[in-house]
Amino acid sequence: MRWIDIIAVGIFCLFLVAPGMSLAIWGYSSWAENPPELSSLDFRRFASADNEYRKSTMKEVATFTPAGMAAQSAKSRIDYKVFRYFDAQGVISGDDGWLFYKGDFPKTCTEPETVLHALYRIEALRAVAAGADINLVVSVSPDKSVFYHDKLGVRASAAAGCKLQNARGWRQSAAEINSRVVDHYDAMSAYQGDQLLYFKTDTHWSDYGEALSLRQLAAELGVDIPLPPDTAPAQERQTDLFQLLRLSMVEALPSLDEYWSTSFREAASPGIVGALIFHDSFYGMSKSLRWLFPRMRKVNIDRFTRKDLGQLPHTVVINSVERAFINRFRSGRMSWNGALGGALLSANQRRAERCEFTPQAFTTHSLSEEGMALLPTSRDPKIFVKLPEHEQPCIRFSFRSAASSPTQIFLPSSNDNYHPGFSIDLPERGMERSRALVLKGYGSRTIRLDPITGLEKIEGLSIEVGTVKDRL
């Protein structure tokens, strides 16, 4: 046998045993993400005829060994440095060395009705919060693939699908309904400087992108923050997309540490104390939120319960990355049945205890006599109630019904229409239903009460209106 053949066989054998040897010596690689615990493996299935389990498990274990990770890193380095193109591990390359997270790219286009429903729900949540004397601010961090879409290149643009269409669509809808959502895209797109606002190889914004965004958030809250300096010293950082590619490489961009600790901190002082911040990774990694919100409480936007919220403070900020923004307000924790909606309704109900209502409790027999009207139909009754002319008007109602549908209060839009999503969906489903609410800013406006949906009988309907009375 020739020496070249012996060497080739040796190298082949080394590749076969390297993952197992590296696992035995060093354990799983430090880059391993949720590797399978050896104690969780079903060794009986290894000896059975279940070849698929055996192959998939061995592949997963081998991938997370130091040797497996080293092999991935070598391949990624060759693809990124030599071929200048990468499409694996959830990462795709764009032009000029830019990397993009494929999780940003939607599988389907979002329907306009879905977008409007979510945007109106945000405004309804804000209305309930305002009635409880809570300033609810919702902000959006734009995805890098939207802000730097010109860096996507041909292949990443094709993979992006409806991404840019969805981005244009929800922003256009927000403008049409005068949504109060704080879109950080606006602050960053107005920037005239030369600094990158996102890392080329990370999903997140740079210090400059963060500075412009938080300056915009501060302005929404009445705090004036100066612009960052035109230049700043560079600082290296290991970026998340390099980590996904198993590359121990770094990217250098200007660092604003001095700006945060001096100009930003001084302008933000004394700050907005005790705010509640719902965050994902953008606000979660922020260097400067602590100066704007001293003694803040931070909760992860995807991992919180009603217990985590406690008593809501005067200022509540919700920040979402753009790719998850619409879906987060369609259902789940941010919905009326979720933890946030329940907490806001409870806070508003407590505020409504300060309301003084008119002594007469209106029923279905006297609605039309008092400027209210029940639509002439037995299905899906809709009751229109004009609120008193006051900064903080109140409504209180009660009735009995065996219907399983929720009770909804629709708020009038700027042109006095009623839209899906722009409603307060109450959680009560039982026979006895009652609720008191403060609807700040809706004085002299007509709201629509939909007690139930369907044909079930409504009994004992009582509706009262009033105003919040200041305590002496």
Side-chain angles (χ1 to χ4, degrees), residues 129 133-142 144 181-188 191 195-199 202-229 232-240 253-305 307-322 324-325 328 333-334 339-340 343:
D133 197 28
I134 295 170
N135 183 17
L136 176 62
V137 178
V138 177
S139 65
V140 178
S141 302
K144 184 174 78 172
V181 169
V182 178
D183 183 6
H184 291 319
Y185 184 96
D186 296 336
M188 290 193 282
Y191 175 63
Q195 305 294 348
L196 287 179
L197 303 186
Y198 284 78
F199 285 85
D202 198 288
T203 54
H204 300 97
W205 51 34
S206 66
D207 274 17
Y208 274 86
E210 178 183 346
L212 296 170
S213 299
L214 295 189
R215 181 174 179 267
Q216 177 192 24
L217 176 65
E220 177 71 15
L221 296 167
V223 180
D224 185 24
I225 303 289
L227 285 167
Q235 188 176 79
E236 290 185 340
R237 166 175 153 180
Q238 188 171 23
T239 57
D240 61 1
L253 280 183
S255 171
L256 292 175
D257 285 348
E258 183 177 352
Y259 166 77
W260 299 134
S261 60
T262 55
S263 301
F264 188 97
R265 181 179 182 179
E266 292 166 5
S269 181
I272 299 166
V273 179
L276 175 62
I277 312 294
F278 293 87
H279 69 89
D280 56 17
S281 57
F282 278 76
Y283 278 23
M285 347 175 16
S286 171
K287 302 175 182 179
S288 54
L289 274 180
R290 56 183 174 148
W291 306 128
L292 184 58
F293 301 109
R295 300 199 299 277
M296 63 182 170
R297 267 193 307 136
K298 294 175 71 175
V299 295
N300 187 292
I301 194 170
D302 290 323
R303 294 191 295 274
F304 70 90
T305 64
K307 184 178 178 180
D308 295 325
L309 304 186
Q311 185 166 342
L312 297 176
H314 175 66
T315 301
V316 176
V317 178
I318 302 172
N319 174 255
S320 174
V321 67
E322 182 174 352
F325 168 57
R328 278 174 171 157
R333 292 176 174 84
M334 296 295 168
L340 177 64

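Treat the numbers as computed from the prediction; the structure is a model and nothing was measured. Values below: all heavy atoms of this structure, side chains included; hydrogens, waters and symmetry mates excluded.
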S.K.: I want to check something: taking the side chain as every heavy atom from C-beta on, are M334 and S320 in contact at a cut-off of under 4.5 Å?
M.R.: no
S.K.: I need the minimum non-hydrogen distance between V137 and L217, along with the two atoms involved.
M.R.: CG1-CD1, 3.9 Å
S.K.: Within the distance-only criterion (no hydrogens, no angle test), does the side chain of H314 pair as donor or acceptor with the backbone N or O of D133 below 3.5 angstrom?
M.R.: yes
S.K.: Are there over 12 heavy-atom neighbours, none belonging to E220, within less than 6.0 Å of that residue's CD?
M.R.: yes
S.K.: How many angstroms lie between CZ in R297 and CG in L312, if you round to the nearest 0.5 Å?
M.R.: 7.5 Å
S.K.: If you round to the nearest 0.5 Å, how far is CG of N300 from NE2 of H279?
M.R.: 5.0 Å
S.K.: Hey, can you tell me if Y208 and Y191 have their rings parallel, tilted or perpendicular (30° and 60° cut-offs)?
M.R.: tilted
S.K.: Which pair of non-hydrogen atoms, one from N319 and one from S141, has the smallest distance, and what is that distance?
M.R.: ND2-OG, 3.2 Å
S.K.: Please examine the side chains of M188 and P142, heavy atoms only from C-beta on, and report whether any two atoms are closer than 4.5 Å.
M.R.: yes
S.K.: Find the distance between CG (L289) and CD1 (I272) and round it off to the nearest 0.5 Å.
M.R.: 10.5 Å
S.K.: Hey, could you give me the CG/CG distance between L197 and D207, rounded to the nearest 0.5 Å?
M.R.: 11.0 Å
S.K.: Between V321 and S281, is any pair of side-chain heavy atoms under 4.5 Å apart?
M.R.: no
S.K.: Tell me the closest heavy-atom pair linking K298 and G284, and the distance in Å.
M.R.: NZ-O, 3.4 Å
S.K.: If you count heavy atoms of other groups shown closer than 6.0 angstrom to CZ of R265, is the number above 12?
M.R.: no
S.K.: For the pair R333 and D308, find out whether any cationic side-chain nitrogen is under 4.0 Å from an anionic carboxylate oxygen.
M.R.: no
S.K.: So, does K287 use its side chain to make a donor-acceptor pair with the main chain of S261 at under 3.5 Å?
M.R.: no
S.K.: Looking only at non-hydrogen atoms, find the nearest pair between A267 and D224 and report the distance.
M.R.: CB-O, 3.6 Å
S.K.: Say you draw a straight line from CD1 of I134 to CD of Q311; how long is it, rounded to the nearest 0.5 Å?
M.R.: 8.5 Å
S.K.: Restricting to non-hydrogen atoms, name the atom on I225 and the atom on A268 that form the minimum distance, rounded to 0.1 Å.
M.R.: CD1-N, 3.7 Å
S.K.: Within the 4.5 Å heavy-atom criterion, are F264 and L256 side-chain neighbours or not?
M.R.: no
S.K.: Measure from the side-chain N and O atoms of S288 to the backbone N and O of W260, and report whether any donor-acceptor pair falls under 3.5 Å.
M.R.: no
S.K.: Looking at side-chain heavy atoms only, is the closest gap between M296 and V317 below 4.5 Å?
M.R.: no
S.K.: Do the side chains of L212 and L227 get nearer than 4.5 Å, heavy atoms only?
M.R.: yes
S.K.: What pair of heavy atoms forms the shortest contact from F199 to K144, and how long is it?
M.R.: O-NZ, 3.1 Å
S.K.: Return the orientation label for the F282 and W205 ring planes: parallel under 30°, perpendicular over 60°, tilted otherwise.
M.R.: perpendicular
S.K.: Please work out which of the three classes, parallel, tilted or perpendicular, describes the rings of Y283 and H184, given edges at 30° and 60°.
M.R.: tilted
S.K.: So do the side chains of F278 and V138 get within less than 4.5 Å of each other, counting heavy atoms only?
M.R.: no
S.K.: Within the side chain of R328, is there an N or O that forms a donor-acceptor pair under 3.5 Å with the backbone of D302?
M.R.: no
S.K.: Check whether S213 reaches the backbone of G209 with its side chain - one donor and one acceptor, N or O, closer than 3.5 Å.
M.R.: yes
S.K.: Check whether Q216 reaches the backbone of Y185 with its side chain - one donor and one acceptor, N or O, closer than 3.5 Å.
M.R.: no
S.K.: Report yes if the side chains of L136 and I318 come closer than 4.5 Å at any heavy-atom pair, otherwise no.
M.R.: yes
